[in-house]
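Read through the structure below, which is laid out as structure tokens, and then see the notes.
Only a predicted model underlies this, so the values are computations on that prediction, with no experimental measurement involved.
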Amino acid sequence: MRQVNFTLIFVICLAVVLFAIENTQLVSIKVVNGVQLTAPLSIELIITLGIGAVLAWVFSVWTTVQELFVTREALQAREVEIESLQSDLERYKAELEEQRLLLPSQATVTSDAVSVATLSEPTAKTVIPRSEPESAILTPPPSELVPD
């Protein structure tokens, strides 16, 4: 994009220089009532283009400053929202921890064995050591599944 801008500015400046070389006659300009300037047309044109360039630059800076203020306000609003969400997250974590403490503990599950109820005896439990991965499904032996 910079190359396009440079090329465009170069072409405009070249056109102004060529116009200034061809138009050297004196021209008078009335600035306000009673004030009149007389100078070659090329000089007046260059001064006018310079004033226009400065005004365009000032407008660009003003627009950038306005966008900066809008962006800063949006950033502050997002910071407030982030802080609110973080406090909600901490509150939810505390509530979850309280609910975990209120859950009944499982007395039948130990660190070395898993209790599995058999179908033949509803109150009896079989303890099977953990030699398989934890994701494996433990089932009673087939002899216990068939009723006698």
Side-chain angles (χ1 to χ4, degrees), residues 1-119 122 125-142 144-145:
M1 190 66 183
R2 284 182 144 188
Q3 293 174 345
V4 173
N5 288 343
F6 177 76
T7 305
L8 184 64
I9 290 171
F10 180 76
V11 168
I12 291 172
C13 288
L14 184 63
V16 168
V17 168
L18 291 175
F19 181 80
I21 290 173
E22 294 295 323
N23 297 294
T24 57
Q25 60 269 32
L26 292 177
V27 178
S28 63
I29 298 175
K30 288 185 179 180
V31 180
V32 286
N33 201 9
V35 178
Q36 186 174 2
L37 297 173
T38 303
L41 180 61
S42 59
I43 300 297
E44 291 176 1
L45 180 64
I46 291 172
I47 290 172
T48 304
L49 286 174
I51 291 171
V54 169
L55 289 177
W57 177 77
V58 168
F59 180 74
S60 172
V61 169
W62 177 253
T63 304
T64 304
V65 168
Q66 285 179 333
E67 289 175 1
L68 180 67
F69 283 124
V70 170
T71 304
R72 183 176 294 158
E73 290 174 2
L75 183 62
Q76 288 174 348
R78 285 184 182 168
E79 290 291 332
V80 168
E81 184 179 359
I82 287 171
E83 288 175 8
S84 170
L85 291 172
Q86 285 177 340
S87 66
D88 287 347
L89 180 64
E90 292 299 322
R91 191 179 79 238
Y92 292 145
K93 282 181 180 179
E95 288 177 9
L96 182 63
E97 194 60 37
E98 286 178 15
Q99 289 177 0
R100 279 188 188 157
L101 293 175
L102 294 176
L103 287 175
S105 62
Q106 297 177 355
T108 58
V109 177
T110 63
S111 61
D112 295 333
V114 176
S115 298
V116 178
T118 60
L119 295 176
K125 299 194 183 225
T126 305
V127 177
I128 302 171
R130 284 193 186 175
S131 60
E132 301 171 1
E134 290 185 30
S135 63
I137 299 174
L138 301 176
T139 58
E144 292 182 10
L145 292 176

Using modelled atom types and a 3.5 Å cut-off, is there a donor and acceptor pairing between side-chain atoms of Ser60 and backbone atoms of Ala56?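 Side chain of Ser60 to backbone of Ala56, a donor-acceptor pair under 3.5 Å: no, none is there.
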Return yes when atom [atom1] of [X] has more than 12 non-hydrogen atoms of other residues, nucleotides or ligands closer than 6.0 Å, and no otherwise.
X: Arg78; atom1: CZ; answer: no
X: Gln36; atom1: CD; answer: yes
X: Gln25; atom1: CD; answer: yes

Evaluate the side-chain proximity of Val70 to Gln66: yes if any heavy-atom separation is below 4.5 Å, no if none is.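 Not in contact.
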Heavy-atom side-chain proximity of Leu26 to Pro40 below 4.5 angstrom: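 Yes, at least one pair of side-chain atoms sits under 4.5 Å.
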Rounded to the nearest 0.5 Å, how far does [atom2] of [Y] lie from [atom1] of [X]?
X: Cys13; Y: Leu18; atom1: SG; atom2: CG; value: 11.0 Å
X: Thr48; Y: Ile29; atom1: OG1; atom2: CD1; value: 6.0 Å
X: Glu79; Y: Ser84; atom1: CD; atom2: OG; value: 12.5 Å
X: Leu85; Y: Tyr92; atom1: CG; atom2: OH; value: 9.0 Å
X: Gln99; Y: Glu97; atom1: CD; atom2: CD; value: 10.5 Å
X: Ile82; Y: Leu89; atom1: CD1; atom2: CG; value: 12.5 Å

